[in-house]
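What follows is a short report on a single structure.
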Amino acid sequence: VERLGDTRQQVRQDACELLLSMFSTMGPQYLLQKMARFWNHRAWKVRHGVLQTVAEAIAAETPGILKSKDQNEYIITQVVNLMEDPNE
């Protein structure tokens with residue numbers, strides 16, 4: 001997941017593709033738990049990469065990504081936290 005913050009676009013894209021394949025094989029619940037600490041990572045590119053990966057998993061209709069209400073609320077809460085203005 002740290003590679004989502006790499007300075008090279010190709011490395012970031014490869015990391016995103018790897019995570020997307022892991023969503024399909026390991027299941028979204030497990031992977032979202034493992035990625036939880038990266039929603040608040042100090043590097044903005046990592047936070048952006050996590051958001052992009054989850055968005056692509058949802059767009060690709062990865063099985064189980066939006067299956068439970070708790071999981072949906074968790075994802076929405078994390079996205080809203082990323083979009084909040086820390087200066088308000």
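From a predicted model like this one, the values you see are computed outputs, not experimental measurements.
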Is there a donor-acceptor contact under 3.5 Å from the side chain of R12 to the main chain of D6? yes
Reported CD-to-CG distance for the pair Q78 and N81, which is rounded to 0.5 angstrom: 5.5 Å
So, do N40 and L82 sit near enough that their side-chain heavy atoms are less than 4.5 Å apart? no
Are M26 and I75 linked, directly or through other ILVMFWY residues, by side chains that come within less than 4.5 angstrom of each other? yes
State the CZ-CG distance between R3 and L19, to the nearest 0.5 angstrom. 12.5 Å
Search all heavy atoms of L20 against all heavy atoms of T53 and return the closest pair with its distance. CD2-O, 3.4 Å
Would a hydrophobic clustering, with Ile, Leu, Val, Met, Phe, Trp and Tyr connected at side-chain separations under 4.5 Å, put L51 with M83? yes
Are L18 and V11 connected in a single hydrophobic cluster, I mean Ile/Leu/Val/Met/Phe/Trp/Tyr linked by side-chain heavy atoms less than 4.5 Å apart? no
About how many Å separate NE2 of H48 and NZ of K45, when rounded to the nearest 0.5 Å? 10.5 Å
Are the side chain of R47 and the backbone of H41 linked by a donor-acceptor contact shorter than 3.5 Å? yes
Would you say V54 and W39 make side-chain contact, with heavy atoms under 4.5 Å? yes
Suppose we screen for side chain to side chain donor-acceptor pair (under 3.5 Å). Which residues come up paired with E61, at least two apart in sequence or across chains? none
Is there side-chain contact between F38 and L4, with at least one heavy-atom pair below 4.5 Å? no
Is any side-chain heavy atom of E73 less than 4.5 Å from a side-chain heavy atom of I76? no
How long is the straight-line distance from CZ of F23 back to OH of Y30, given to the nearest 0.5 Å? 12.5 Å
